[in-house]
Number of protein chains: 2
Amino acid sequence: MTADEVARVLGVSQSTISRAFTATASISDEMRTRVMATAAELGYQPNVIARSLMTRRTNIVAIVLPNLTDPFYAVILDELTQRLQPRGCQTLLFVPTPGQEVDEILPTLLQYQVDGIIITSATVSSSMARACAKRETPVVLLNRYVPGLEIHAVSCDNVAGGRQMAEFLLGQHHRRPAFVTGQLRASTSMDRQSGFVARLKEDGVECLIEQGGDHTYQAGFDAALRLMRQSNPPDAIFFASDIMAFGGMDALRRNGFIIPDHVSIAGFNGVPMAAWASYDLTTIRHPFSQMADAALELLGFGDAEVASSPTTRLIHGELMDRGSTMSRSPELKRVRG
Amino acid sequence: MTADEVARVLGVSQSTISRAFTATASISDEMRTRVMATAAELGYQPNVIARSLMTRRTNIVAIVLPNLTDPFYAVILDELTQRLQPRGCQTLLFVPTPGQEVDEILPTLLQYQVDGIIITSATVSSSMARACAKRETPVVLLNRYVPGLEIHAVSCDNVAGGRQMAEFLLGQHHRRPAFVTGQLRASTSMDRQSGFVARLKEDGVECLIEQGGDHTYQAGFDAALRLMRQSNPPDAIFFASDIMAFGGMDALRRNGFIIPDHVSIAGFNGVPMAAWASYDLTTIRHPFSQMADAALELLGFGDAEVASSPTTRLIHGELMDRGSTMSRSPELKRVRG
DNA sequence: TGACTAAATGCATTCGTATGCATTGTTGAC
DNA sequence: GTCAACAATGCATACGAATGCATTTAGTCA
């Protein structure tokens, strides 16, 4: 069913059908009503593919996520789609397979003529960034930023988050903290670590560094055991992400450790699960809502003008003080054993 | 950058450019190589929107999910996209807002000329099903089926799953089981309940029914407390879904109950989290992988011919016997107190 | 060598909609 | 009553690629 057929039935031109479906077009109310009635009757719906060819807008935004198993990305995807749908935009989802680079899949996304691309927790080469700029397809990195790269970015301030957590754990009199890394080259993990370590150092406190490997439950599980089984175990473990902390807590409890009595546990992300009673995890909560707003604004979907020059928005996270950490002050120690 | 421009640079026709990008087209190897080289140099990529207009294939599959916060849907989405991407298909995601019916959003999806639609945990009206059939857009319901509706469906056998769980809990000598429902009208929840209750009845065991309200952590949390605070509490609680069971377990533990000593807990879905040490939840595991395979096959993405008549595939789940349930045999009871 | 076949390429049209321009009809102001 | 301004509509074309058909070229066989 095409606009042509509807036009024939009504004895008008195809242009009139098209105008009836265009809010700003010049068409009489009566004609629009008639067209709509006939269209509904015949089951006509404009073909947005054909429309896109003319308007050069697809109303599709591509979102690239490294995986769907980490609840962190589920939250991000949720926040983004909830904002896009009211604007008449659809979400084209892309999950690179483990070995796949984002650079490889970007051409595919561009082929789809998407109106914008949001890339989470990954970066792109400068040549690919230029290719997108040339096509005027806006790209925003979410949860990653690369200084000097010609591209918009929105991220939680990971360095500041690391510092906040250090400050908090120092305030609770921890003297032997550990940090468990995520992926080695991930700036998110590295930034959290550097902020954390730097702030500890200011108080003359050393930090154990344990390689997690990747942001998974299992990685956290294994790392926690390695840390606690060494001769001089930490009194607090700060994991690069919540999901690793969950793994760590489960590993320790299964092996007889009491949290937070034997060791304090902290995470980073602030996923909803972190508030669940089983974990009750002290963490730095990402400003999910603000991050989604900022990402869409930089994509050009906001009301404000978009700065043409690449902009990086760093947003502060919020420390959630929960039950997985406790003060190591001498008084409390005596009470809790 | 269009095929026309590449053609001009090479001094050939636009048809030749198109043929170079079509595997089956008649074109010399030498010419294809030249075209590809020039295309790469100029940064030309075929516009799949324009292509779709001619080929009537978009290589886009729409997936409708009720939410992203339940890990169950994250797993489903993950399984589906991982199968679609190697086939050159993209995933167009749609998450209806709470009040929104799937019937309302289907027209939007059809406008995008998607090659197929997968609808999870919801159904469509028969008139809408007919509209899709008319357009020859295949539709598959996933995790829901409606007998008599002219539409393909793939679902875990919920009645059988309920029976399996009843059988298992009876085998563990539970005599006062309870079932916590999900959404009232959801067939998934009702079927699990009916299978569960029917099998219990065969052994003359009554079942408490507690209304959960919806498939959320909080609903499970509240329902568990209501159940255990009554004068004659159950010795086992079977929740309509894993996420509700997690809420239930957290609620009970926070209130001093020991699981499974005081009460056995079981769920349904078999999400990865159910295997985590904190919950170690006995559950019926959905055959996620088989379900995804079946859904894509019915969409016409498999190797086999698709039956033209609407087909319902019911796949059996697998009972995962874990630590959240324990035998109530007299001997054990004495040991564990 | 000539005719016949197959491969390679160009030409022209098509997919379904949007839109600039021309045309017609209507209204209002002087 | 006349003319301007504007609203409403039709006509024709464009968007970018795919493809049926016609044409050319090369290759094959008798």
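Because the structure is predicted, anything quoted here is derived from the model rather than measured. Sequence lines set the chain letters: A, B, ... in the order given, protein chains first and strands last, and positions in each chain run from 1.
A distance of 4.5 Å separates CD in A:Glu79 from CZ in A:Arg83, rounded to the nearest 0.5 Å. Separating the CD atom in B:Gln113 from the CD1 atom in B:Ile49 is a distance of 10.0 Å, to the nearest 0.5 Å. Of the inter-residue distances, the one linking A:Cys89 atom SG with A:Arg57 atom CZ reads 6.0 Å to the nearest 0.5 angstrom.
Taking atom CG of B:Asn47 as the reference point, atom C1' of D:dG16 lies 6 Å away to the nearest angstrom. Rounded to whole Å, atom C1' of C:dG16 lies 13 Å from atom CD of B:Gln111. Look at CG on B:Asp4: it is 9 Å from P on D:dC15, rounded to the nearest Å. As a whole-Å value, the separation of B:Met54 CE from C:dT14 P is 10 Å. The separation between A:Glu5 atom CD and C:dC15 atom P is 10 Å, rounded to whole Å. For A:Tyr44 and C:dG16, the OH to P distance is 10 Å, given to the nearest whole Å. Counting to the nearest Å, the C1' atom of C:dC15 and the CD atom of B:Gln113 are 11 Å from each other. C:dG10 atom P lies 6 Å from atom CE of B:Met31, rounded to whole Å.
Residue A:Val48 is classed as having no contact, given no heavy-atom separation below 4.0 Å to the nucleic acid. Residue contacts shown for B:Arg19 include a base, since a base heavy atom lies under 4.0 Å away. Among the heavy atoms of the strands lying under 4.0 Å from B:Thr55 are primed sugar atoms or P, OP1, OP2 only; no base atom is included. Using a 4.0 Å heavy-atom criterion, one finds that B:Thr16 contacts the sugar-phosphate atoms exclusively.
For B:Ile27, taking side-chain heavy atoms from C-beta onward, the closest of the listed nucleotides C:dT19, C:dT9, D:dT9 is C:dT9.
You'll find a donor-acceptor pair under 3.5 Å spanning the side chain of B:Ser15 and the base of C:dC11, going by distance alone.
Here the side chain of A:Thr38 pairs a donor or acceptor atom with the backbone of A:Arg34 at under 3.5 angstrom.
Both B:Pro46 and A:Ser26 lie near DNA chain D, and the one whose nearest nucleotide falls closer to the 5' end is A:Ser26. Both B:Val12 and B:Leu53 lie near DNA chain C, and the one whose nearest nucleotide falls closer to the 5' end is B:Val12. Each of B:Arg32 and A:Arg51 has a nearest nucleotide on DNA chain C; the 5'-most of these lies closest to B:Arg32.
Side-chain nitrogen and oxygen atoms of A:Thr2 include none within less than 4.0 Å of the OP1 or OP2 phosphate oxygen of C:dG16. In this model, the phosphate group of C:dG16 is approached by a side-chain N or O of B:Arg56 to a distance below 4.0 Å at OP1 or OP2. Contact check, A:Ser18 against C:dT17: no side-chain N or O comes under 4.0 Å of OP1 or OP2.
For an aromatic pair to be called close, the ring centres must be under 6.0 Å apart, and B:Phe72 with B:His286 satisfies this.
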